[in-house]
Number of protein chains: 4
Amino acid sequence: MPEAKKPNPARRNERSRHAILDAARELIREVGYAKVSIEAIAARAGVGKQTIYRWWPSKGAVVFDSFLALSGNPEEGITLPDTGDIEADLKLVMRATAAEFADPDFEAPIRALNSEIISDSGLAAQYREKLARPVDDAKKARLRAAQQAGQLASDADLDLVLEVLYAPLYQRWLHRSGPLTAEYADALVDITLRAFRP
Amino acid sequence: MPEAKKPNPARRNERSRHAILDAARELIREVGYAKVSIEAIAARAGVGKQTIYRWWPSKGAVVFDSFLALSGNPEEGITLPDTGDIEADLKLVMRATAAEFADPDFEAPIRALNSEIISDSGLAAQYREKLARPVDDAKKARLRAAQQAGQLASDADLDLVLEVLYAPLYQRWLHRSGPLTAEYADALVDITLRAFRP
Amino acid sequence: MPEAKKPNPARRNERSRHAILDAARELIREVGYAKVSIEAIAARAGVGKQTIYRWWPSKGAVVFDSFLALSGNPEEGITLPDTGDIEADLKLVMRATAAEFADPDFEAPIRALNSEIISDSGLAAQYREKLARPVDDAKKARLRAAQQAGQLASDADLDLVLEVLYAPLYQRWLHRSGPLTAEYADALVDITLRAFRP
Amino acid sequence: MPEAKKPNPARRNERSRHAILDAARELIREVGYAKVSIEAIAARAGVGKQTIYRWWPSKGAVVFDSFLALSGNPEEGITLPDTGDIEADLKLVMRATAAEFADPDFEAPIRALNSEIISDSGLAAQYREKLARPVDDAKKARLRAAQQAGQLASDADLDLVLEVLYAPLYQRWLHRSGPLTAEYADALVDITLRAFRP
DNA sequence: TGGTAAGCGAGACGGTACGTCCGGTCTTTCG
DNA sequence: CGAAAGACCGGACGTACCGTCTCGCTTACCA
C-alpha cells in the first residue's frame with residue numbers, strides 16, 4: 001500500500017494555523033472568494049505554501065476551516081429563546097436570519113461558502129455536520145417543545161418543518177429573487193405554522 | 001469616457017457561436033465545470049480565443065448561454081398539465097422535478113450553473129429572466145387556475161407559494177441533505193396545499 | 001500556374017499610400033521600430049489592414065518605403081563639394097556623417113532600418129540600390145576627380161576606398177564602441193588617404 | 001522604490017539553464033532567429049516559461065547567452081599566431097574570418113546576434129565586453145608585437161587599426177555588398193599595413 | 001544534553017490557463 | 001473593383017497560480 005504520508009498533528013505550529021485562517025478570512029473579504037489564491041494566503045500569513053498543502057487538501061477546505069474557526073467552537077449547544085409563544089419566537093429568529101443574510105458584510109463570505117459547498121460534496125458533508133447541525137438541533141429542540149405544547153402537529157417531521165421554514169428564505173437570497181424583509185420572515189413563519197398545525 | 005469597444009453583432013459568425021456553445025456543453029459534461037477552460041472551449045470549437053472574449057465577458061457567461069441554447073427558445077410559453085385536480089397535477093410536476101435533480105447526467109451541469117449564479121449577480125438576473133421566469137409563469141398560471149377553482153386561497157401570493165413548494169427541494173439538492181424521493185415530492189405538495197388552502 | 005493575384009497599380013489610392021508611409025514614420029519615432037505593428041499603422045493611417053497587405057509584403061518593406069519617401073526622390077544625382085582639396089572635402093563630408101549618426105533624432109529610425117536590412121536580404125538589395133547607391137556614386141565621382149588630380153592612386157578600387165573610409169565609422173556607431181567625434185572623422189580621412197596615396 | 005524582485009541565483013537549476021541555452025541554439029539554427037519564440041524554447045527545453053522569464057529579460061538576452069555559452073569561457077586569453085611576419089599572420093587571420101562569415105552555418109546565428117545588438121544597447125555592451133573584447137585583446141597583442149618589431153607605426157592607435165582592418169569586411173557581410181574572398185581579405189591587410197606603416 | 005528528524009519559511013521548478021496583442025486572411029459594405 | 005472596416009483563426013506574449021520539490025533553519029523529542 002503506497003499509504004500517503006501523514007504529517008504529525010502534534011508537531012503542528014498553531015501560530016501558522018491561525019495566521020493562515022486569518023489571512024484567508026481577510027482576503028475573502030477584501031477581494032472575494034474567487035480571486036483568493038493559496039499563494040496569496042501564504043504570503044499574507046507569512047507562511048510557506050507547503051504548510052498549507054500539508055494540512056489542507058484544497059482552497060475550499062482552508063476557507064471552510066476559516067469559517068469554522070470564526071463561528072467559535074460552541075462545544076455546548078446553542079439554545080433558542082423560548083417564551084412559550086412559538087410564533088413570536090420563530091419570528092424573532094427568522095427576522096434575525098433575514099437581517100443577517102441582508103448584511104452586506106456577510107454577503108461575500110457566505111456566498112463563497114455556498115459556492116464551494118455546491119460543487120464539493122465532501123465540504124457539503126462537513127458543512128452539514130459542523131456548521132448546520134448544531135444550529136438545526138437547537139431549532140428542532142425549540143420545535144419539539146412547541147409540539148409538546150400542542151402548537152405543532154405531534155407527528156410533524158421536524159427536518160421538513162425546518163426546510164419549509166428556511167429554504168424559501170435561503171433560495172430568495174441565493175438567487176436574489178426578492179427582498180429579505182421582516183414581513184417576509186413573518187410570512188414564512190405564518191405559513192409554516194399553518195401547514196404544520198395540529 | 002472610456003467607452004468600451006463594441007463589436008458589431010451584425011457581422012457575428014453564427015457558425016462559430018454555435019461551435020462555442022456546443023463545445024462548452026460537451027466539455028462540462030466530460031470534465032466538469034470547474035475544469036473547463038476558455039482555452040479548451042476555443043480549441044474544441046476550432047475557434048480563436050479572441051472570438052470568445054469578443055462576445056462573452058466570462059466563462060460563466062458562455063456556459064450560461066450554452067444552457068439557454070440547450071433549453072431551446074420556447075418562444076411560446078410552456079404549459080403545465082391541468083386535469084382539474086391541483087394536488088395530482090402538482091405531484092406529477094414535483095416528482096418530475098425531483099427525478100430530474102436526482103439524474104446524475106443533469107447533476108454536473110446544473111450544479112455548475114448554480115455555482116456561477118450564486119456569485120455573479122449579473123448572471124443571476126439573466127437566470128431569473130431567461131430560464132426561471134418562463135417556467136415560473138407556467139406554474140403560476142396553473143396555480144391561478146386552482147385559485148379560481150377554489151382549491152387555493154384566493155389571496156395567496158403565488159410567488160410565495162412557488163417558493164414554499166420548490167425551495168425545500170432545491171435546498172435539499174444543493175446541500176445534499178436528504179434523498180429526493182417521490183414521497184418527499186408528494187409531502188411538499190401536501191404541505192403547501194395545506195398552508196395555502198382557502 | 002497558380003499565379004498570385006496582382007492588384008492593379010493604376011487604381012492605387014495615392015492618399016492611402018501617403019497616409020500609411022507617414023503613419024509608419026511617426027510610429028517608429030514614437031515607440032521604436034520593434035514595437036510598431038501593422039495594425040497600429042493601419043489604425044493611425046485610417047486605412048484597412050488589407051490595404052497594407054495588398055501593396056507591401058512585410059512591415060520591413062513599409063518602413064523601408066517610408067524612408068525612401070522621406071529621402072525625397074533625388075532623380076538627378078547628388079553632388080559632393082569639390083574645392084580641389086580632397087582632404088578638406090572628405091573631412092567635411094565625414095564630419096557631417098559622424099554628426100548625423102550622433103544625432104539622437106536619427107538614431108532610432110536608422111537603427112530600425114539597419115536591423116531590418118541585416119536579416120532580410122531582399123530589403124538589403126533594395127537598400128543598396130535605392131538608398132546607398134546614389135550617395136556612393138556621388139562619393140565615387142568626387143574620388144575619381146581626386147584620382148585625376150593625382151591625389152589618389154590611379155589604380156585604387158573606389159568601392160574599397162569607400163569601405164575603408166566609412167565602414168569604421170559605421171561599425172563604431174552600430175556597436176556603440178566609441179565616440180563619433182570630428183577628430184575621429186578626420187583621422188579616418190587621413191588614414192584612407194595615406195593608404196591610397198599614389 | 002519599486003525594487004524588482006530578485007530571484008536567488010544560488011538556487012538556480014543548472015540543468016534547466018543548460019537545456020534552455022541548448023534549445024535556443026538549436027531553434028535558431030532550425031527556424032531562424034525571428035521565428036524563435038520563448039514559448040518554443042521553453043517547450044523544447046522541457047522547462048516552464050517562467051523559468052526563462054525569471055532569469056532573462058528578453059529573447060535577445062537568452063540568445064546572447066547561448067552564444068556566450070557556445071564560445072566556451074576562454075578564461076585564459078586567446079593568442080594569435082606569431083611567425084614574426086605581421087602581414088602573413090594577419091592575412092591568415094583575415095582569411096579565416098572571411099571564411100567564417102561566408103559559412104552558411106554561421107550566417108543565421110551571427111546575423112541574429114547582430115540584429116539584436118543593434119537595437120539593444122545593453123546587449124551591445126555585453127557583446128563588446130564578453131565576446132568582442134577577448135578577441136580584440138588578442139589581436140592587439142599581436143599588433144603590439146609588430147609595433148615593437150618596427151613593422152607598424154609605434155604611435156598607431158591599435159583600436160583604430162583594428163577598425164580599419166575589420167570594419168570593411170564586417171560591413172560588406174552585413175550589407176551583402178560584395179563577396180568575402182581571400183583576395184579581399186588580403187587587400188584589407190595590405191591597405192591597413194600601408195596606412196599604418198612606420 | 002546532544003543528535004536527529006519533523007515542521008517550517010522561502011522560493012525555484014514544470015506546467016496550465018489567463019486575457020491581450022497582433023499576424024495574415026476573409027467577408028461585408030460602400031463609393 | 002479598390003478600399004474602409006472589422007470579424008475570424010491562430011499563435012505568442014508576459015503574468016498568475018497551481019501543486020511539487022528542494023533548500024537551510026528552528027524546534028521538540030529521544031537516547
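The chains referred to below are lettered A, B, ... by the order of the sequence lines, with proteins before strands, and numbering in each begins at 1.
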Next item on the list: Rounded off to whole Å, could you give me the CZ-to-C1' distance for the D:R11 and F:dC23 pair?
Entry: 4 Å

Next item on the list: Taking the side chain as every heavy atom from C-beta outward, state whether A:L123 and A:Y127 have any atom pair closer than 4.5 Å.
Entry: no

Checklist line | Under 3.5 Å donor-acceptor, B:S66 side chain and B:V63 backbone | finding: yes

Checklist line | Salt bridge present between B:E14 and B:R17 (N-O < 4.0 angstrom) | finding: yes

Notebook entry, point to check: Can any side-chain N or O of D:R111 pair as donor or acceptor with the backbone N or O of D:L174 at less than 3.5 Å?
Noted result: yes

Notebook entry, point to check: Please give, in whole Å, the distance from E:dC21 P to C:L27 CG?
Noted result: 16 Å

Margin query: Between P on E:dG23 and NZ on C:K35, what's the gap in Å once rounded to a whole number?
Written below: 15 Å

Check: Could you give the CD-to-C1' distance, from A:E39 to E:dA12, as a whole number of Å?
Finding: 11 Å

Next item on the list: Find the distance B:K49:NZ to E:dC22:C1' and express it as a whole number of Å.
Entry: 13 Å

Check: Which residues within residues 50-64 of chain C lie with some heavy atom under 4.0 Å of an atom in DNA chain E?
Finding: C:Q50, C:Y53

Notebook entry, point to check: DNA chain F: B:A42 or D:I38, which has the more 5' nearest nucleotide?
Noted result: B:A42

Margin query: Rounding to an integer number of Å, can you tell me how far D:I41 CD1 sits from F:dA12 P?
Written below: 12 Å

Item checked: Euclidean distance, atom CZ of residue D:R44 to atom P of E:dG14 [Å, nearest integer] -> 17 Å

Next item on the list: Check whether any side-chain N or O of B:S16 sits under 4.0 Å from OP1 or OP2 of F:dA7, and answer yes or no.
Entry: no

Margin query: Donor-acceptor pair, distance only, cut-off 3.5 Å: does the side chain of A:K49 make one with the backbone of A:A42?
Written below: no

Notebook entry, point to check: Residues two or more places apart in sequence or in another chain: which of them pass side-chain contact (heavy atoms from CB on, under 4.5 Å) with A:R11?
Noted result: A:N8

Note to self: I need the CZ-C1' distance between B:R15 and E:dT28, as an integer number of Å.
What the structure shows: 18 Å

